[in-house]
Novice: 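This is the structure I want to talk about, given as structure tokens.
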Amino acid sequence: FAFIEFKDQAEGKTEYSVQATYDKASDQLKSAYSLFQQKTEAIGFPLNKKRDVVCHIIVSETFPRFGAREQAMMMAFAQDTNGIELNFEREIEFK
């Protein structure tokens with residue numbers, strides 16, 4: 001199960017705007033995941049226990065990307081969501 005947050009219109013002209021874009025996308029993914037988790041648990045189908053769940057943040061090809069920042073966000077996201085993976089790759093392969 002994949003949650004995808006598109007921020008492909010974000011420009012990221014400053015370090016602050018890059019971080020703000022990532023923070024907003026991460027918060028939106030956490031909120032969406034939490035809502036789905038609550039709803040699926042209510043019907044006896046806990047999403048994260050029945051399906052692999054991954055979250056993606058998609059930014060434009062010209063958006064400034066910093067590997068260290070993205071890695072730190074991946075670790076923090078996993079800690080905040082009980083191990084849900086966060087990914088920044090633009091290409092997603094669904095199996």
Novice: For Glu41, check salt bridge (charged side-chain N to carboxylate O under 4.0 Å, His left out) against everything at least two apart and list the hits.
Specialist: none
Novice: With the side chain counted from C-beta on, respond yes when His56 and Glu5 share a heavy-atom pair under 4.5 Å apart, and no when they do not.
Specialist: no
Novice: Considering only heavy atoms from C-beta outward, does the side chain of Met74 approach that of Gln79 to under 4.5 Å?
Specialist: no
Novice: Report whether Phe45 and Val54 are members of the same hydrophobic cluster (ILVMFWY, side-chain heavy atoms less than 4.5 Å apart, transitive linking).
Specialist: no
Novice: Heavy-atom count around Glu15 CD within 6.0 Å, excluding the residue itself: above 12?
Specialist: no
Novice: Using atom types as modelled and distance alone, determine if a side-chain donor or acceptor of Ser60 lies under 3.5 Å from a backbone N or O of Gln9.
Specialist: no
Novice: Grab the two heavy atoms, one from Pro64 and one from Gly12, that are nearest each other, plus how far apart they are.
Specialist: CG-O, 3.0 Å
Novice: Verify whether one side chain among Lys24 and Gln19 offers a donor that lies under 3.5 Å from an acceptor in the other.
Specialist: no
Novice: Determine whether Ile57 and Glu70 satisfy the following criterion, side chain to side chain contact (heavy atoms under 4.5 Å, CB included), listing intermediate values before the conclusion.
Specialist: CA-CA 10 Å; Ile57 297 175; Glu70 290 176 2; over 6 Å; no
Novice: So, using salt bridge (charged side-chain N to carboxylate O under 4.0 Å, His left out) as the criterion, who are the partners of Glu61 when residues are at least two apart?
Specialist: Arg90
Novice: What's the verdict on ring pair (Phe, Tyr, Trp, His ring centres under 6.0 Å) for Tyr22 and Phe63, showing C-alpha distance, side-chain angles and the deciding distance?
Specialist: CA-CA 11 Å; Tyr22 281 158; Phe63 190 83; 5.6 Å; yes
Novice: Restricting to salt bridge (charged side-chain N to carboxylate O under 4.0 Å, His left out), what partner residues turn up for Glu85, sequence neighbours left out?
Specialist: none
Novice: Say you draw a straight line from CD of Gln38 to OH of Tyr33; how long is it, rounded to the nearest 0.5 Å?
Specialist: 10.5 Å
Novice: Side chain to side chain contact (heavy atoms under 4.5 Å, CB included) for Ile58 and Lys7? Distances and angles first, verdict last.
Specialist: CA-CA 6 Å; Ile58 307 294; Lys7 295 295 182 198; over 6 Å; no
Novice: State, yes or no, whether a side-chain contact exists between Lys30 and Thr81 at a heavy-atom distance under 4.5 Å.
Specialist: yes
Novice: Between Leu86 and Leu29, is any pair of side-chain heavy atoms under 4.5 Å apart?
Specialist: yes
Novice: So Met73 and Phe88, do their side chains get closer than 4.5 Å, heavy atoms only?
Specialist: yes
Novice: Measure across Phe77 and Ile84 and return the closest heavy-atom pair with its distance rounded to 0.1 Å.
Specialist: CD2-O, 3.5 Å
Novice: What's the shortest heavy-atom distance between Asn87 and Glu89, and which atoms?
Specialist: OD1-N, 2.6 Å
Novice: OG1/Thr21 to OH/Tyr16 distance, rounded to the nearest 0.5 angstrom?
Specialist: 10.0 Å
Novice: Assess the side chains of Thr14 and Ser17: does a donor N or O sit below 3.5 Å from an acceptor N or O?
Specialist: yes
